[in-house]
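Notes follow once the structure below has been shown.
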Amino acid sequence: MLTLKFIQENKETVIERLKVKRFDAAAVVENIIELDNNRKSTQSEVDQQQSEMNSLSKEIGMLFKQGKAEEANVAKSKTAELKENIKSLNTKLNEINTQLDAELVKLPNIPHPTVPEGNSDEDNQVEKTCDANIPELGEGKLPHWELIKKYDIIDFELGTKIAGAGFPVYKGKGARLQRALINFFLDEGQKAGYNEVLPPILVNEASGFGTGQLPDKEGMMYHATADNLYLIPTAEVPVTNIYRDEVVKEEDLPLKTMAYTPCFRREAGSWGAHVRGLNRLHQFDKVEIVQISHPDKSYEALDGMVAHVENLVNKLGLPYRLLRLCGGDISFTSALTFDFEVFSAAQERWLEVSSVSNFENYQANRLKCRYKGKDMKKPELAHTLNGSALAVPRILAAILENNQTADGIKIPEVLVPYTGFDMIN
RNA sequence: GGAGAGAUGGCAGAGUGGUCGAAUGCGGUAGUCUUGAAAACUAUUGUACUGCAAGGUACCGGGGGUUCGAAUCCCUCUCUCUCCGCCA
């Protein structure tokens, strides 16, 4: 969330900038400022009365020690009213704080100045298109959901039997290729300086709140109610929460962490032609990269992450394009997001395979993730970033479709050391 | 799942219901000494809110209560450890 200080000092900017996100912030901002002012004055009233109470109590203590019980009892009688006041003021203060928190959570992150205007994904700005290697597939081309049947490498019906729609069973070379991609992504991440972790894939409420999935986007996650835990929709949640309530040393920045995890999304929306095959699943595998960055360096870090993802897609020989998300499509918590899409040549569609975002201090403020340098008096909020590097199933779909030949599916060269085979046939 | 013990500052570890935001040790920072380092010595060293400042207030796992006054007493929740059971 935005910091109170920032909202107080930049009221007009907040309202103005959030219009790019198609968010009318005026009422919320006004409300926040009023609540905050109210909070301050109430707090100082409480402090003052409490201060009186404290000195009175001390006095009573002294009097009792000196054996002046009578005087002490006189002083005692004076405390009742104070006590009552303090109690009711505190109740009021709690109410204000609850309301203030509720309002603060309503404001999305301020978009970066380079975020283009726009209402939907159709208005995203294409930064770069690299389509030289879109293959000519000819008449017999098959979409990946046909290919996986033909070669018997993924079984959707079996997954449906075991769990439900959207939970595929990868089989044989399909399973092997999936694992190859994960290992390839992790090895490349390692080379780029990311530290690998294998985090929990169930998280508690505090973690969900820290990265912004809760309280609003509760519906996207599977909820294990008996223990009040959530299945992660992305490794961003457990990995970023490593740094919740932490103060890291300035000289250790940037902290670069990555994790492979399965991801779970309820996606309680449409389930039709557009989401066939691997295009959208309830469970899928992903390698996620996360950085905790110095505020002055976070856009440099974002560029580095984009370059890393681009490198991965290039090595796999997939046609891709890079999008700068417009105000209407960028997420609630992000300041600037780049999406990578690969071209899936039989569906003749661009598929989103990565989303790389800078959250600036928006998540950090929720997480209380701060850094401190030697010459700093107080710790300051760090910046957080994350990106998929990469989401596996759609990459798999593109590989299957783009690399299909009459003899079978050709495995990209960089993956062969990982798969141990170079054709699926 | 059953039984018991515990949770105090970066860490270790005291703490009688009343000058306790909290002894002491270690660590950190600055300085003295030294050619330099170590050692020793001296000082300093939590966080948040609020205020121009002086200061004020809150925080001893979380929440509630008793009391003029709670780290200390009571209730409750969470977590950790030990033992038992179950188990990859």
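Given the structure is predicted, the values throughout are model-derived calculations rather than measurements. By convention in this document, chain letters (A, B, ...) are assigned in the order of the sequence lines, proteins followed by strands, and residues within each chain are numbered from 1.
Side-chain contact between Tyr260(A) and Glu196(A): absent, with no pair of heavy atoms (C-beta onward) separated by less than 4.5 Å. A 4.5 Å side-chain heavy-atom check between Leu56(A) and Glu59(A) finds at least one atom pair inside the cut-off.
When the P atom is compared between U34(B) and U29(B), the two are found 23 Å apart, to the nearest whole Å.
Here Glu380(A) does not pair with Arg370(A) in a salt bridge; the nearest charged N to carboxylate O distance is not below 4.0 Å.
Residues meeting the ring pair (Phe, Tyr, Trp, His ring centres under 6.0 Å) test with Tyr151(A), sequence neighbours left out: none. Shown here are the ring pair (Phe, Tyr, Trp, His ring centres under 6.0 Å) partners of Tyr371(A), two or more places apart in sequence or in another chain: His294(A). Evaluation of the ring pair (Phe, Tyr, Trp, His ring centres under 6.0 Å) rule for Tyr230(A) yields His223(A) as partners, not counting sequence neighbours.
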Watson-Crick and G-U pairing of RNA chain B, under 3.5 Å, as dot-bracket with | and [ ]: ((((((((.[[[..)..(.....]]]((((((.......))))))(((((....))))).[[[[[..)....]]]]])))))))....
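Applying the salt bridge (charged side-chain N to carboxylate O under 4.0 Å, His left out) test to every pair with at least one member in residues 231-258 of chain A, sequence neighbours left out, gives no pairs at all. Evaluation of the salt bridge (charged side-chain N to carboxylate O under 4.0 Å, His left out) test over residues 23-35 of chain A, restricted to residues two or more places apart or in two chains, returns Lys11(A)-Glu30(A). Counting only residues at least two apart or in different chains, side-chain hydrogen bond (donor to acceptor under 3.5 Å, both in side chains) contacts with residues 172-188 of chain A comprise Gln178(A)-Asp285(A), Asp187(A)-Tyr418(A), Glu188(A)-Lys191(A), Glu188(A)-Lys315(A). Screening residues 79-108 of chain A for salt bridge (charged side-chain N to carboxylate O under 4.0 Å, His left out) gives Glu103(A)-Lys106(A) as the qualifying pairs, with residues at least two apart or on separate chains.
Within residues 28-39 of chain A, the residues approaching RNA chain B are Arg39(A), by heavy-atom distance under 4.0 Å.
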Pairwise N/O distances under 3.5 Å, protein to nucleotides 52-56 of chain B:
{"unit_1": "G56(B)", "atom_1": "O3'", "unit_2": "Ser51(A)", "atom_2": "OG", "d": "3.2"}
{"unit_1": "G56(B)", "atom_1": "N2", "unit_2": "Asp47(A)", "atom_2": "OD2", "d": "3.0"}

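Ring geometry for Tyr222(A) against Phe264(A) counts as perpendicular: the plane angle is over 60°, on a 0 to 90° scale with 30° as the lower cut.
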List, one per line, each side-chain donor-acceptor pair under 3.5 Å for residues 157-171 of chain A, sequence neighbours excluded.
{"unit_1": "Thr160(A)", "atom_1": "OG1", "unit_2": "Phe156(A)", "atom_2": "O", "d": "2.9"}
{"unit_1": "Lys171(A)", "atom_1": "NZ", "unit_2": "Asp152(A)", "atom_2": "OD1", "d": "3.1"}
{"unit_1": "Lys171(A)", "atom_1": "NZ", "unit_2": "Asp155(A)", "atom_2": "OD2", "d": "3.2"}

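Residues Val46(A) and Pro379(A) both approach RNA chain B. Their nearest nucleotides, taken by heavy-atom distance, put Pro379(A) toward the 5′ side.
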B/S/- contact track for nucleotides 66-73 of chain B, protein heavy atom under 4.0 Å: -BBS----
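Rounded to whole angstrom, the span from the CG atom of Asn365(A) across to the P atom of A48(B) amounts to 13 Å. Rounded to whole Å, the distance from CG on Asn90(A) to C1' on G64(B) is 13 Å.
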